[in-house]
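For reference, the structure is listed below as structure tokens.
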Amino acid sequence: MKHVEQYAPQFFPVQNPPMRWASKNIIEKAPIWCSVDLRDGNQALITPMSLEEKLEFFKVLVQIGFKEIEIGFPAASETEYEFCRTLIEQDMIPDDVTIQVLTQAREHIIAKTFEALKGAKHAIVHLYNSTSVAQREQVFKKSKEDIIKIAQLGAELCKTYREKTPGHFQFEYSPESFTGTEPEFALEICNAVLKIWEPTPEDKVIINLPVTVSHSMPHVYANQVEYMNDHLYKRENVVISLHPHNDRGCAVADSELGLLAGGDRIEGTLFGNGERTGNVDIVTLALNMYSQGVDPELDFSNMPAIVEIYERVTRMRVYERSPYSGQLVFAAFSGSHQDAIAKGMHWREEHDCKQWNVPYLPINPEDVGRVYEADVIRINSQSGKGGVSYLMETKFGYHIPVKMRESLGYLVKGVSDHAHKELLPEEVLQIFREHYVNIEIPIALPEVHYTQKADGVIGASVTISYAGKTEVIQADGNGRLDAVSNAVKAYLDMEFALTTYTEHALEVHSNSKAVAYVGLEKDGKTYWGVGVHSDIINSSISAFLSALNALVCEQ
């Protein structure tokens, strides 16, 4: 690409980092989660949420299990201010939930913020100012000392207003654009704020280290977090919070490595909403932990409902391939994938598995409210015999014989390929019925009667209708189906072999029917038929007849 020479790294790596985090393999416990959907996510919408929509979304966040929820910037607009007052005045904030509000380091904004918080049982006041080289030089045109003074003034003002405002208020400070700030300066300004607030075990301070703009690979951020973790003033009384944005597509990785490096808390949004490329997707981050046996302490068991509400109030949509939440993330169209999933599911049943380990499915789709037959096995021209058979079994109760699966798979793929579309389960069932089930054209067997003879021989008297004629034919066999087959062979003067016969009960609503499958082989090719009837003898004859008609139609 052109103009590559104008770009260079904009981050400041830690020199000789210890990288202790690199020896850890998993995040062993859930961080403190703080949703910023109602502030950071809301400000990034083309049409910000109304008061009613914000109230509805707040309730959803509480139901999911968030204990800290950033509700806005009360001094920024009347809607933000009114939202905060509505939550407090209508007693909508559960006792175990803390709201968080954002403020700049300016007195009139801090004053308005504390005014909005009057009567709140618990609240976090989040103070920030920009610290990066680009912001210092280009936007504020101030020295490092000037930037520190802004932060210190804001910290002093927050302390003053807290003392004269009833309620319990915790403080949070963000060196905005932390990732574009020299680590030594970020530490200096954070410690300057901490020395004003003097955190204690009962009054911990949150130091937020935002990836306001993502400049580096995730390990660089992890080293920066570890550096702060090692050197923050009164670290034992400090909560290190991470707020990654997704400019490089690394927000989840930044968060995971940042937690390994000493982070205690995550600020993010559902589905990664937020400015530009968005914030870290808490759904992905939490369910990544869940997939490794760690309870994220957030409830995403009804993902479709959460997606519906999110899309409605934000007017955004969840991308089909978004991890865990997208419509297609558990869907398998590929034949080999479908076959592996189907075999994996059967293996689980046969071995009574306690732990989840199914090919291509990192978690059980049912754990996030998805349905196997609707969401996992999807049928189109790329699908295979395993997927089609699994769908027929789980959705409709048909246990397709192994040898028949290829025939059905190619038939369904051909229909999908010709129509250039995905086939719904009901469409697959219709194809199955039209081509295999109870087929009575061109040959019909209106009546069949049996007699028991010596030595276990069965005699069959078969009424056959074919080519405009109806006759009664007779033959013997070692069973009912064999006797009927012998009678038809003689009448048609045709040789074929009955190579496959299976049967099982088919539950259809409240009624149980019998289903039989027959394979007839002639000249090296197998022809398939299926019979469904309340009587197993009749279903077996119907299956034989259906296979016979398939054979005759091809001769």
Side-chain angles (χ1 to χ4, degrees), residues 11-12 14 34 36 39-40 70 73-76 100-114 117 123-165 169-200 203-213 215 221 224-225 227-235 237-245 263-265 267:
F11 58 89
F12 298 89
V14 174
C34 178
V36 296
R39 194 275 302 176
D40 206 339
E70 189 168 77
F73 198 140
Q100 176 172 305
V101 294
L102 194 69
T103 180
Q104 294 173 333
R106 301 165 68 185
E107 184 166 8
H108 72 284
I109 293 177
I110 292 172
K112 184 79 170 179
T113 299
F114 276 91
L117 290 173
I124 297 169
V125 177
H126 183 179
L127 173 73
Y128 75 95
N129 67 311
S130 294
T131 60
S132 69
V133 173
Q135 292 271 15
R136 296 195 318 255
E137 293 179 350
Q138 301 171 32
V139 180
F140 297 103
K141 297 180 173 60
K142 292 184 181 294
S143 66
K144 290 180 179 179
E145 292 73 20
D146 292 332
I147 297 297
I148 291 174
K149 287 178 182 178
I150 292 172
Q152 289 174 317
L153 175 61
E156 292 283 6
L157 288 168
C158 284
K159 192 173 178 181
T160 298
Y161 278 91
R162 177 169 74 170
E163 290 172 356
K164 58 185 180 182
T165 306
F169 304 111
Q170 185 179 9
F171 288 146
E172 174 176 354
Y173 174 68
S174 286
E176 191 197 5
S177 300
F178 167 75
T179 46
T181 304
E182 308 91 331
E184 298 79 11
F185 180 58
L187 178 67
E188 183 181 0
I189 196 168
C190 286
N191 281 343
V193 170
L194 286 171
K195 288 175 182 178
I196 292 171
W197 285 343
E198 286 293 344
T200 67
D203 183 24
K204 291 188 176 183
V205 168
I206 300 168
I207 291 295
N208 190 47
L209 305 176
V211 184
T212 308
V213 178
H215 294 302
Y221 179 60
Q224 294 166 337
V225 171
Y227 173 81
M228 299 294 284
N229 179 59
D230 288 344
H231 297 97
L232 280 173
Y233 175 70
K234 292 193 174 180
R235 171 63 181 97
N237 298 327
V238 172
V239 175
I240 292 182
S241 180
L242 313 176
H243 185 125
H245 279 245
D264 306 301
R265 182 177 185 265
E267 291 186 353

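Sequential numbering from 1 along the given sequence is applied to the chain's residues.
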Problem - Full working for side chain to side chain contact (heavy atoms under 4.5 Å, CB included) between Ile124 and Val101 - result: CA-CA 6 Å; Ile124 297 169; Val101 294; over 6 Å; no
Handout entry: Considering all heavy atoms, the nearest Cys190-Ile207 contact
Key = SG-CG2, 3.8 Å
Exercise for the section: Please tell me if the side chains of His245 and Asp40 come closer than 4.5 Å, counting only heavy atoms from C-beta onward. Expected result: yes
Problem - Asn208, Thr212, Leu209, Val211 screened by side-chain contact (heavy atoms from CB on, under 4.5 Å) with His243, the one that passes - result: Asn208
Exercise for the section: Could you tell me whether Arg39 and Glu267 have a side-chain N and a carboxylate O separated by less than 4.0 Å? Expected result: no
Problem - Any residue meeting side chain to side chain contact (heavy atoms under 4.5 Å, CB included) with Val139, in chain and number order, not counting sequence neighbours - result: Gln135
Practice task
Mind checking the CD1-CZ spacing from Ile240 to Arg265? Nearest 0.5 Å is all I need.
Solution key: 12.5 Å
Completion exercise
Minimal heavy-atom distance between Ile147 and Ser130, with the atoms involved, is CG2-O, 3.5 Å
Problem - From NE2 (His108) to CG (Leu157), nearest 0.5 Å - result: 11.5 Å
Problem - Minimum-distance pair of heavy atoms, taken over all atoms of Thr179 and Tyr221 - result: CG2-CD1, 3.8 Å
Handout entry: Flag side-chain contact, heavy atom, 4.5 Å: Phe185 against Ile148
Key = yes
Handout entry: ring pair (Phe, Tyr, Trp, His ring centres under 6.0 Å) partners for His126, two or more places apart
Key = none
Handout entry: Residues Asp264 and Lys204 bridged, charged N to O under 4.0 Å
Key = no
Exercise for the section: Answer yes or no: is there a side-chain heavy-atom contact under 4.5 Å between Trp197 and Cys158? Expected result: yes
Practice task
Would you give the length of the straight line joining atom CD1 of Ile109 to atom CZ of Phe73, rounded to the nearest 0.5 angstrom?
Solution key: 5.0 Å
Handout entry: Between CD on residue Gln152 and CG on residue Asn129, distance to nearest 0.5 Å
Key = 10.0 Å
Practice task
Let me see the working for Glu182 and Arg136 under salt bridge (charged side-chain N to carboxylate O under 4.0 Å, His left out), right down to the final yes or no.
Solution key: CA-CA 12 Å; Glu182 308 91 331; Arg136 296 195 318 255; 2.9 Å; yes
Practice task
Flag this pair as yes if the NZ/CZ of Lys159 is under 6.0 angstrom from the six-membered ring centre of Phe171 and inside a 45 degree cone about the axis; otherwise no.
Solution key: no
Handout entry: Flag if over 12 foreign heavy atoms under 6.0 Å of CZ, Arg235
Key = yes
Completion exercise
Nearest heavy-atom approach of Ala75 to Thr113 is CB-OG1, 4.4 Å
Completion exercise
Between Pro175 and Ile189, the two heavy atoms sitting closest are CB-CG2, 4.3 Å
Handout entry: Spacing of Glu137 atom CD and Ser132 atom OG [to the nearest 0.5 Å]
Key = 9.0 Å
Problem - Under 3.5 Å donor-acceptor, Thr131 side chain and Glu176 backbone - result: yes
Practice task
For side chain to side chain contact (heavy atoms under 4.5 Å, CB included), just list the numbers for Val125 and Leu117, CA-CA rounded to whole Å, side-chain angles, deciding distance to a tenth of an Å, and then say yes or no.
Solution key: CA-CA 9 Å; Val125 177; Leu117 290 173; 3.7 Å; yes
Handout entry: Ala111: side chain to side chain contact (heavy atoms under 4.5 Å, CB included) partners, not counting sequence neighbours
Key = Tyr161
Handout entry: Beyond-backbone contact of Asn237 with Val205, side-chain heavy atoms, under 4.5 angstrom
Key = no
Problem - Neighbour count above 12 (heavy atom, 6.0 Å) for Lys234 NZ - result: yes
Practice task
Would you give the length of the straight line joining atom CD of Glu156 to atom CD1 of Ile196, rounded to the nearest 0.5 angstrom?
Solution key: 4.5 Å
Exercise for the section: Locate the shortest heavy-atom distance separating Glu172 from Ser241; write the atom from each residue and the value. Expected result: OE2-OG, 4.4 Å
